[in-house]
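Heads up: the structure comes next, in structure tokens.
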Amino acid sequence: MFNPDQVKPFITHADPLVSNAAIRFLAETYKYPQDISALVLEKLVSAPRKEDVYLHRAAAFPQTKVTVQAMLHLLNAGMVTGNARIFLSRMLLGSNPDLLKPVLEQIKALDEDLYEEAAEYVQISDLSDAEVRNLFNEETQKNSGLDYGDIDYDKLDLLLSELIEREILQPRETMDELQEQYTLDPESIRSVYLIQAAGKLKISYALPLFYDALKSDNDLVAEQAADALVRVGSEEVIGKLVQMYNEETDGFLLLSLVDVLSRILLPSAEEALIALLEKEDHFTRIAKLADGLCRLGSEQAVPVVQELVKIGYDKDYVELKESVYACCVMLGRVLPELDEWRKEIAKEDEERMNKLRG
């Protein structure tokens, strides 16, 4: 099974399939080894197609003075355009406000809108604890009832991070409010952010609520519950997820359970996925379980996926060749099929692009 330090060097791998798999692994497991942002930027500079780099996955990676200056240089030099420029700007804004404060004038010279956001984030960091709490309350109230596409997630995320970093939010207080709010309105933006807070605080006694929220038909609620369960990531969580998989019948929920297990870096998560795969007979879920094992870096999964690629699987849901290829490269596992798989993947990618172009 992968570990973060093993995966980190592959961020700069020449093959974007492998590089992006490494970025995705670190982002989805919330494991941030030292200097990962520097490696992402190194990959961005060397990439022939900047838009191929998974910058959107790296938005939460921690920054340093050096990486902030590097991002400003890339943006100023016009080396990054289109969506890649947008995502790089979001990475910059995701920096700690203490890193943004000294470069505000540089940001202003670059982009006025970007400057206004950065300046607001710096101002928030200068507020007192009481002012941050009041502003968070005001923003959750202001965003209540809005369509999810209209919610100011970036500002709410920053406010929540400030509350947690300053230890303004305490576990028991957070849990009490979450329980009350979730009972009153489980789909409110306040409930969503309290679930996020409880996950970041790793409140173990919030687990029953997380399990319930994972079943929600509301995508945002279910997504936050999944993230919270990954952050807690204990043996208890794995045991409960396996129990739910064996008891539940909703197809989308079963896929979500596999997804959470695929992001928890414990040997028992790998063992659980293997056991579930051995007895699964559903076409799509077999592919999902195999993909999850590849994402975890399971050596035991490689022969199984080799066989699935040969006999066929649900390609409309997941591309297992891509998963097992990246997995094998990062594990240093040499298979006779690897080169052929990579050629097939490239050919399929080209066909998809041609269809999009019309």
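It should be emphasised that the depicted structure is a prediction, and the values quoted were computed from it without experimental measurement.
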- Query: If every non-hydrogen atom of Leu88 is compared with every non-hydrogen atom of Leu41, which pair is closest and at what distance?
  - Reply: CD1-CD2, 3.8 Å
- Item | Nearest-0.5 Å distance that lies between atom NE2 in His13 and atom OG in Ser46 | 11.5 Å
- Item | Option among Ile23, Val329, Leu26, Asn20 that satisfies the side-chain contact (heavy atoms from CB on, under 4.5 Å) test with Phe10 | Val329
- Query: Is the shortest distance from a Lys or Arg side-chain nitrogen in Lys321 or Glu337 to a carboxylate oxygen in the other one below 4.0 Å?
  - Reply: no
- Message: Nearest 0.5 Å, please: how far is CD in Glu322 from CG in Leu320?
- Response: 9.5 Å
- Item | Modelled atom types, side-chain donor and acceptor of Gln181 and Ser188, under 3.5 Å | yes
- Item | Inter-residue atom distance Ile264.CD1 - Tyr30.OH, 0.5 Å rounding | 11.5 Å
- Note on the structure: In this structure, CG of Leu156 is separated from CD1 of Ile151 (nearest 0.5 Å) by 7.5 Å
- Out of Glu116, Glu162, Glu139, which residue meets the salt bridge (charged side-chain N to carboxylate O under 4.0 Å, His left out) rule with Lys155? Glu139
- Task: For the residue pair Asn96 and Tyr121, confirm or rule out a side-chain donor-acceptor distance under 3.5 Å.
- Result: no
- salt bridge (Lys or Arg N to Asp or Glu O under 4.0 Å): pairs with one or both residues in residues 208-224, sequence neighbours excluded: Lys215-Glu248
- Note on the structure: Leu293 and Leu273 have their tightest heavy-atom pair at CD2-CB, 3.6 Å
- Message: We want to know whether Ser161 and Glu165 form a side-chain donor-acceptor pair, criterion being a heavy-atom distance below 3.5 angstrom.
- Response: no
- Item | salt_bridge(Arg190, Glu177) N-O dist < 4.0 Å | yes
- Query: Under 3.5 Å, is there a donor-acceptor pair between the Tyr313 and Glu319 side chains?
  - Reply: yes
- Nearest-0.5 Å distance that lies between atom CG in Asp98 and atom CD in Gln63: 14.0 Å
- Rounded to the nearest 0.5 angstrom, the SG-OH distance for Cys294 and Tyr325 is 14.0 Å
- Query: Are Asp349 and Arg352 within salt-bridge range, i.e. N to O under 4.0 Å?
  - Reply: yes
- Item | Minimum heavy-atom distance between Ala269 and Ile238, given as atom pair plus value | N-CD1, 3.6 Å
- Does one hydrophobic cluster hold both Met79 and Leu39, with members joined at side-chain heavy-atom distances below 4.5 Å? yes
- For Leu178 and Ser191, work out which heavy atoms get closest and say how close. CD1-O, 4.0 Å
- Query: Between Asp259 and Lys288, is there a side-chain N and carboxylate O pair less than 4.0 Å apart?
  - Reply: yes
- Item | Sequence-distant partners of Phe2, ring pair (Phe, Tyr, Trp, His ring centres under 6.0 Å), two or more places apart | Phe25
- Start with the C-alpha gap between Tyr182 and Glu187, add the side-chain angles, then the distance that decides, and say whether side-chain hydrogen bond (donor to acceptor under 3.5 Å, both in side chains) holds. CA-CA 8 Å; Tyr182 188 78; Glu187 297 184 2; over 6 Å; no
- Decide whether Tyr245 and Glu280 meet the rule of one side-chain donor and one side-chain acceptor closer than 3.5 Å. yes
- Tightest non-hydrogen contact, residues Leu338 and Cys328, listed as CD2-CB, 3.9 Å
- Test: Asp176 and Arg172 ion pair at under 4.0 Å: yes
- Message: Regarding Ser128 and Glu131, do their side chains bring together a donor and an acceptor under 3.5 Å, going by distance alone?
- Response: yes
- Taking 4.0 angstrom as the limit, do Arg133 and Asp129 come out as a salt bridge? no
- Within one Ile-Leu-Val-Met-Phe-Trp-Tyr cluster: Phe283 and Leu277, side-chain cutoff 4.5 Å: no
- Can we say Glu247 and Lys240 salt-bridge, meaning some charged N sits less than 4.0 Å from an Asp/Glu carboxylate O? no
- Are Asp157 and Tyr193 close enough that a side-chain donor and a side-chain acceptor fall under 3.5 Å? yes
- Message: Check this for me, if you would: do Lys200 and Asp227 make a salt bridge, where the nitrogen-to-carboxylate-oxygen distance has to be below 4.0 angstrom?
- Response: no
- May I ask whether Tyr317 and Val258 are part of the same hydrophobic cluster, defined by side-chain heavy atoms of I, L, V, M, F, W, Y residues being less than 4.5 angstrom apart, directly or through others? yes
